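To start, the structure under review is shown below, and the notes come after it.
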Amino acid sequence: MKLLWRDTTPHGRVAKQRIRRLRQLDTEIKQLTAQIKTMVDQSGTRMLDIRGVGVLVAATILSEVGDPHRYATKAKFAMANGTAPLEASSGRVVRHRLNHSYL
């Protein structure tokens, strides 16, 4: 079995090209992630303190929401994004559902 970097067959050349491209993509991903992290940090959000929320999730939420400070309260924010619970009770059964009217 030939070593990959010495393999001059068509398969070896294609494999080397693919590895080179994967390394380029990995470098681009790291650079873009660093840029996104800088922007998330500049936003002043504390979302990164939440377990399971990383840089990309926080950036996605911020890009969808815009400036979260435009909502006066957490309740108004929940109403705007459809996560505020609405009572959906019937008789003695008390239950709640999400408000999807704004989505």
Side-chain angles (χ1 to χ4, degrees):
M1 182 170 162
K2 293 182 179 182
L3 297 175
L4 180 61
W5 56 87
R6 294 183 183 160
D7 190 354
T8 58
T9 65
H11 291 294
R13 286 194 304 269
V14 168
K16 285 188 273 188
Q17 289 173 350
R18 288 181 178 175
I19 290 170
R20 193 175 305 117
R21 181 64 180 140
L22 286 171
R23 287 180 177 157
Q24 290 171 345
L25 290 171
D26 189 52
T27 300
E28 288 178 40
I29 289 168
K30 287 176 183 174
Q31 291 170 347
L32 290 171
T33 302
Q35 290 175 10
I36 292 169
K37 182 171 181 353
T38 299
M39 289 188 272
V40 168
D41 290 342
Q42 289 173 350
S43 75
T45 184
R46 292 178 32 215
M47 276 192 279
L48 296 176
D49 296 340
I50 300 170
R51 183 177 179 179
V53 176
V55 173
L56 298 179
V57 170
T60 301
I61 292 170
L62 287 171
S63 68
E64 291 288 330
V65 170
D67 182 13
H69 296 98
R70 66 187 171 138
Y71 299 100
T73 64
K74 290 179 182 180
K76 288 183 180 183
F77 177 69
M79 279 297 288
N81 68 37
T83 58
L86 293 177
E87 189 171 340
S89 302
S90 176
R92 291 189 219 175
V93 177
V94 177
R95 59 187 176 87
H96 293 83
R97 66 174 178 81
L98 294 180
N99 178 8
H100 295 291
S101 64
Y102 290 97
L103 299 178

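All values reported here derive from a predicted model rather than from experimental measurement. Heavy-atom basis, side chains included; hydrogens, waters and symmetry copies ignored.
- Taking the side chain to side chain contact (heavy atoms under 4.5 Å, CB included) definition, one finds that R70 meets it with nothing, sequence neighbours left out.
- Q17 and R20 share no side-chain donor-acceptor pair at under 3.5 Å.
- The distance from the NZ atom of K16 to the OG1 atom of T8 is 7.0 Å, given to the nearest 0.5 Å.
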Enumerate, atom names and distances included, each donor-acceptor pair closer than 3.5 Å involving a side-chain atom of residues 49-64, sequence neighbours excluded.
unit_1 : atom_1 : unit_2 : atom_2 : d
T60    : OG1    : L56    : O      : 2.8
S63    : OG     : A59    : O      : 3.3
S63    : OG     : T60    : O      : 2.7

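- The side chain to side chain donor-acceptor pair (under 3.5 Å) test applied to K30 returns D26, not counting sequence neighbours.
- Sorted by first and then second residue, the side chain to side chain donor-acceptor pair (under 3.5 Å) pairs involving residues 35-48 (not counting sequence neighbours) are K37-D41.
- Atom CG of L25 sits about 4.0 Å away from atom CZ of R21, to the nearest 0.5 Å.
- In this structure E28 satisfies the side chain to side chain donor-acceptor pair (under 3.5 Å) test with no other residue, sequence neighbours excluded.
- Residues forming a side chain to side chain contact (heavy atoms under 4.5 Å, CB included) with T27 (at least two apart in sequence, or on another chain): Q31.
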